[in-house]
Amino acid sequence: MKILNRKFYAQDTVDVARNLLGKVLVFGDKQGTITEVEAYLGDDDPACHAFGRLTERKKIFFGPPGIAYVFLAYGMHWCFNVITEPVGKAGCVLIQGINDTFGPGRISKLFGFNGEHNGLDITSGPITICEGSHDFDIEITPRIGLSQAVDWPLRFVAKQANMI
DNA sequence: GCTATGATCATA
DNA sequence: ATGATCATAGCA
């Protein structure tokens, strides 16, 4: 399978999110088709972790693209993100759905993600994303589960795909 | 050093 | 609708 190169991630966050649909997330022996993603823009996005004051944790948003950003939400659930856009620009894509499994927390539980995977290079590390099917429609909806900027249409869902 | 809070999920 | 549960941020 063809692994997505860094150039793929160095695009506009929305484009990356769009293109990420139908791709295959690979981690060790496990793999699954990405069916649902969300774009987080950083600079202008109040809901993004990169919004506001720059902190140690947020620096990864401004670093090189193609990096895994894993964070713990509510003390229980790890969420898996991919850093997008070139160095100096904040942006990331939250992987929300894999195959039939929905919810960022569930995915990380399935794949066994934890804090150690934060900052990994997903163009060369144990975690990679490969090319997949293009045979599906993309549905764009407002984001969910947020407290701010909820109405922004930055959620992308693969509709009725011919999955691998 | 201590406290508040959050891109969630499971349960009632 | 509400509780579980902990890494990070912000402040004393």
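Worth saying up front: this structure is predicted, and the values here are computed from it rather than measured. Here is how names work: the chains are called A, B, and so on, in the same order as the sequence lines, proteins then strands, and each is numbered from 1.
- Using a 4.0 Å cut-off, some side-chain N or O of A:Arg106 falls inside it from OP1 or OP2 of B:dA10.
- Taking atom NE2 of residue A:His49 and atom P of nucleotide C:dA7, one finds them 15 Å apart after rounding to whole Å.
- Figure legend. B:dA12 is base-paired to no nucleotide; pairs are counted as Watson-Crick or G-U wobble with both atom distances under 3.5 Å.
- Put simply, CZ on A:Phe71 is 13 Å from P on C:dA9, counting in whole angstrom units.
- Protein atom CD of A:Gln96 is 12 Å distant from nucleotide atom P of B:dA7, rounded to whole Å.
- Protein atom CG of A:Leu110 is 15 Å distant from nucleotide atom C1' of B:dT8, rounded to whole Å.
- With sequence neighbours excluded, no residue forms a side-chain hydrogen bond (donor to acceptor under 3.5 Å, both in side chains) with A:Ser108.
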Can you list the steps and then say if A:Val82 with A:Ile129 is a side-chain contact (heavy atoms from CB on, under 4.5 Å)? CA-CA 10 Å; A:Val82 178; A:Ile129 298 181; 4.2 Å; yes

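- Projected onto DNA chain C by closest heavy-atom contact, A:Leu72 and A:Met76 fall at different nucleotides, the more 5' of which corresponds to A:Met76.
- Atom-to-atom, OH of A:Tyr69 to C1' of C:dT8 comes out at 9 Å; the value is rounded to the nearest Å.
- Checking B:dA4 for Watson-Crick or G-U wobble geometry (two distances, each under 3.5 Å) identifies C:dT8 as its partner.
- Under 3.5 Å, the side chains of A:Thr123 and A:Asp121 contain a donor-acceptor pair of N or O atoms.
- No hydrogens or angles considered: nothing links the side chains of A:Tyr9 and A:Gln11 as a donor-acceptor pair under 3.5 Å.
- By the 30° and 60° cut-offs, the orientation of the rings of A:Phe27 relative to A:Phe113 is tilted.
- Rounded to whole Å, atom P of B:dT8 lies 19 Å from atom CG of A:Asn114.
- Remark: A:His77 is not in phosphate contact with B:dC9, judged by side-chain N or O atoms under 4.0 Å from OP1 or OP2.
- Spacing between atom CH2 of A:Trp78 and atom P of B:dC9 amounts to 15 Å, rounded to whole angstrom units.
- Atom CD of A:Glu36 and atom C1' of B:dA7 are 13 Å apart (whole Å).
- For A:Asn118 and A:Tyr74, each mapped to the nucleotide of DNA chain C holding its nearest heavy atom, the one lying further toward the 5' end belongs to A:Tyr74.
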